[in-house]
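The next block holds one structure in the form of structure tokens; read it before the comments.
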Amino acid sequence: MANTPGIPKGTRDFSPEILAKRNYIFDIIKDVFKKFAYRQLETPAMENLSTLTGKYGEEGDKLLFKILNSGNFLKKVTDPELQERDTKKMAHLVAEKGLRYDLTVPFARYVVQHQNEITFPFKRFQIQPVWRADRPQKGRYREFYQCDADIIGSYSLINELEIVQMIDEVFTKLNLEVTIKINNRKLLAGIAERIGYPEKLIDLTVAIDKLDKIGLEKVYEELRLAGISDDAINFLEPILNLGGSFNDQMQCIERFIGETETGVTGIVETEKLFSYLDMFKFNNNIELDLTLARGLTYYTGAIFEVISDEIQIGSICGGGRYDDLTGIFGLKGVSGVGISFGADRIFDVMENLNRFPEDTTSSVKLMFVNFGQKEEKYCLPVLQKLRQNGINSEIFPDSSKMKKQMKYANSNKIPYVALAGENEMQENKFTLKNMETGEQQLVTAAEMIKALT
RNA sequence: GUGGUUGUAGUUCAGUUGGUUAGAACGCCUGAUUGUGGUUCAGGAGGUCGUGGGUUCAAAUCCCAUCUUCCACCCCA
């Protein structure tokens, strides 16, 4: 045990079985992204540390993995600095690169860097791992995948509509029932303004976001802690307890924030988005949820979150509109809207509910049993032909005992085995065995190809 | 960053108040079965008890440190 090697905290190996399942999810997401005309982008695992720092708040900076400079990484550090042991100050001296923390900031960097080559609006999707030096726990890893799609350079609410359509299609294809929650940051901003604390929008959203997790009382407590007066909190109550139909909710909101400028914009946007949504039929529930806030500070318009109806695991997909993502890199006035699927959590849900199709893990269709040199030579050309016909297949490389070979096929879930010995070779045929039913039949190579296609 | 928790075979776990050679199940390998996997039966391999130090005649067991696992908080996907 002490001698067996391991992997770093919060990381995982993906066995062929798990990877097959994960790819099943990725392929569905990827196909939907492509169908909606998003094009794939990849960025390097590492970015310049200066690109990453300061984008995720102070907490986020702490969670960045930094890469030690090559060579003498202490070259730039002076003796007094070394004595001081101020790691925060020293970090940029010994590390100039860091692992990406999400896909959005590298995307923003890409857009700004290549702004002259890009034709706007620009639609891209990106499926890559990200790294966070977080303390791992349930559903939380130091290396995990994000599946992002963003459109940047368009204010149209058609983009929001399409985001919802994509979400609906992905989860329909995955055979999962979900609820798509929609809100708008401008509504929240209107509320903050109305209760007299426009500058507390972030505190307000962070607190409201926890409503279904910690309950009303604790939310009030957080709001008080943030310095919001009891009067204002009481004033807020009807909004937090909002229910009923979309129209009821909108009426109530209108009464509440109808006089604030941002609030009105929020109402117009939300009503327009829902009027688009009304044009189509969706397989999943779509609801307006005023308590949906989402932590990310850069959202400015519509926000989305998806939760499973069948299992409690938190949000499995989220996104929203941001008006100034590239501003931090000096490119102003580019609005975008994006969505991110949490592949790892979707995996957990699928696994829990047993929703992966049976044949996900077995990509190999057939194995030739190896009886010896003469038989190998008889099988190899046929194997080649199967492969040319797009049938994933293999021959057991050694003429080991039959039992060992069958066991190999069995444990790798290979559905068919082909046997060719003296008898078969004389007739120029193969015995094709169905591993599941145990049935066997004598067939020609052509018949075998036909049976497996 | 804070609090708790875990560590013994490939895996999941037993292991008494400290006391002979540390066990089980599953998995793996071999055989029963020289052209047939899953079932059955028999046999076999596999452990520096996370690591380092301490207490003791004696430590998987007690103490300290450290690493690790998992969980909650903060934050987040």
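This is a predicted model, so every value here is computed, not measured. As a basis for the values below, the full set of heavy atoms in this structure was taken, side chains included, without hydrogen atoms, waters or symmetry mates. Note on naming: letters A, B, ... go to the chains in the order of the sequence lines (proteins, then strands), and numbering restarts at 1 for each one.
A donor-acceptor pair shorter than 3.5 Å cannot be found between the side chains of A:N370 and A:S399. A:D102 and A:Y56 form a side-chain donor-acceptor contact under 3.5 Å, judged by distance and modelled atom types alone.
Across the protein-nucleic acid pair, A:Y408 atom OH and B:C28 atom C1' stand 17 Å apart, rounded to whole Å. The interatomic distance linking A:L63 (CG) with B:A77 (C1') rounds to 12 Å, in whole Å. Rounded to an integer number of Å, the gap from A:Q137 CD to B:A77 P is 14 Å.
When all heavy atoms of A:G10 and A:Y141 are compared, the closest pair comes out as O-CB, 3.4 Å. For A:L204 against A:A192, the heavy-atom pair with the smallest separation is CD2-CB, 3.8 Å. The two atoms that bring A:F396 and A:S400 nearest to each other are CE2-OG, 3.4 Å, heavy atoms only.
Look at A:D150 and A:R124 and you find a salt bridge, because one of the NZ, NE, NH1 or NH2 atoms lies within 4.0 Å of a carboxylate O, short of that distance. Using a 4.0 Å cut-off between charged side-chain N and carboxylate O, A:D398 and A:K404 make no salt bridge. Taking a cutoff of 4.0 Å between a charged side-chain nitrogen and a carboxylate oxygen, A:E221 and A:K218 do not qualify as a salt bridge.
Contacts with RNA chain B (heavy atom under 4.0 Å) in residues 409-421 of chain A: A:N410, A:L419, A:G421, listed by number. Shown for residues 14-31 of chain A: no residue has heavy atoms falling under 4.0 angstrom of RNA chain B. Of all the residues in residues 435-453 of chain A, A:M435, A:E436, A:G438, A:Q440 reach under 4.0 Å from RNA chain B with at least one non-hydrogen atom.
Across A:F371, A:Y378, A:Y416, a single residue satisfies ring pair (Phe, Tyr, Trp, His ring centres under 6.0 Å) together with A:F430, and that is A:Y378.
Residues satisfying the ring pair (Phe, Tyr, Trp, His ring centres under 6.0 Å) test with A:F347, not counting sequence neighbours, are A:F356. For A:E222, the salt bridge (Lys or Arg N to Asp or Glu O under 4.0 Å) partners at least two apart in sequence or on another chain are A:K210. Partners of A:D168 according to the salt bridge (Lys or Arg N to Asp or Glu O under 4.0 Å) rule, which considers only residues two or more places apart in sequence or in another chain, do not exist here.
Residue-to-nucleotide proximity on RNA chain B shows that, of A:G342 and A:N434, the 5′-proximal contact is made by A:N434.
Sorted by first and then second residue, the salt bridge (charged side-chain N to carboxylate O under 4.0 Å, His left out) pairs involving residues 19-35 of chain A (not counting sequence neighbours) are A:K21-A:E351, A:K35-A:E169. For residues 434-452 of chain A, no pair satisfies salt bridge (charged side-chain N to carboxylate O under 4.0 Å, His left out), with sequence neighbours left out. Legend: salt bridge (charged side-chain N to carboxylate O under 4.0 Å, His left out) pairs involving residues 407-433 of chain A, not counting sequence neighbours, sorted by first then second residue: A:K374-A:E422.
As judged by a 4.0 angstrom heavy-atom cut-off over every strand, A:G139 is placed among the base-contacting residues.
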All N/O contacts under 3.5 Å from nucleotides 29-31 of chain B to the protein, with atom names and distances to one decimal?
{"from": "B:G31", "atom 1": "OP1", "to": "A:K401", "atom 2": "NZ", "distance (Å)": "2.2"}
{"from": "B:G31", "atom 1": "OP2", "to": "A:K401", "atom 2": "NZ", "distance (Å)": "3.0"}

Using nucleotides 2-4 of chain B, report all nitrogen or oxygen pairs with the protein that are shorter than 3.5 Å.
{"from": "B:U2", "atom 1": "O4", "to": "A:R135", "atom 2": "NH1", "distance (Å)": "2.9"}

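Proximity note for A:M402 (side chain, C-beta onward) versus B:U36, B:C74, B:U69: the nearest is B:U36.
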Verdict with supporting geometry, A:E160 and A:V164, side-chain contact (heavy atoms from CB on, under 4.5 Å): CA-CA 6 Å; A:E160 272 86 339; A:V164 177; 5.8 Å; no
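Across B:G31 and B:U61, the matching P atoms stand 41 Å from one another, rounded to whole Å. Only the P atoms considered, B:G23 is 26 Å distant from B:U40, to the nearest whole Å. Rounded to a whole angstrom, the distance from the P atom of B:U55 to that of B:G15 is 29 Å.
In RNA chain B, runs of at least 3 stacked Watson-Crick or G-U pairs (N1-N3 plus N6-O4 or O6-N4, or N1-O2 plus O6-N3, all under 3.5 Å) give these stems: B:1-4 with B:70-73, B:10-13 with B:23-26, B:28-32 with B:40-44, B:50-54 with B:62-66.
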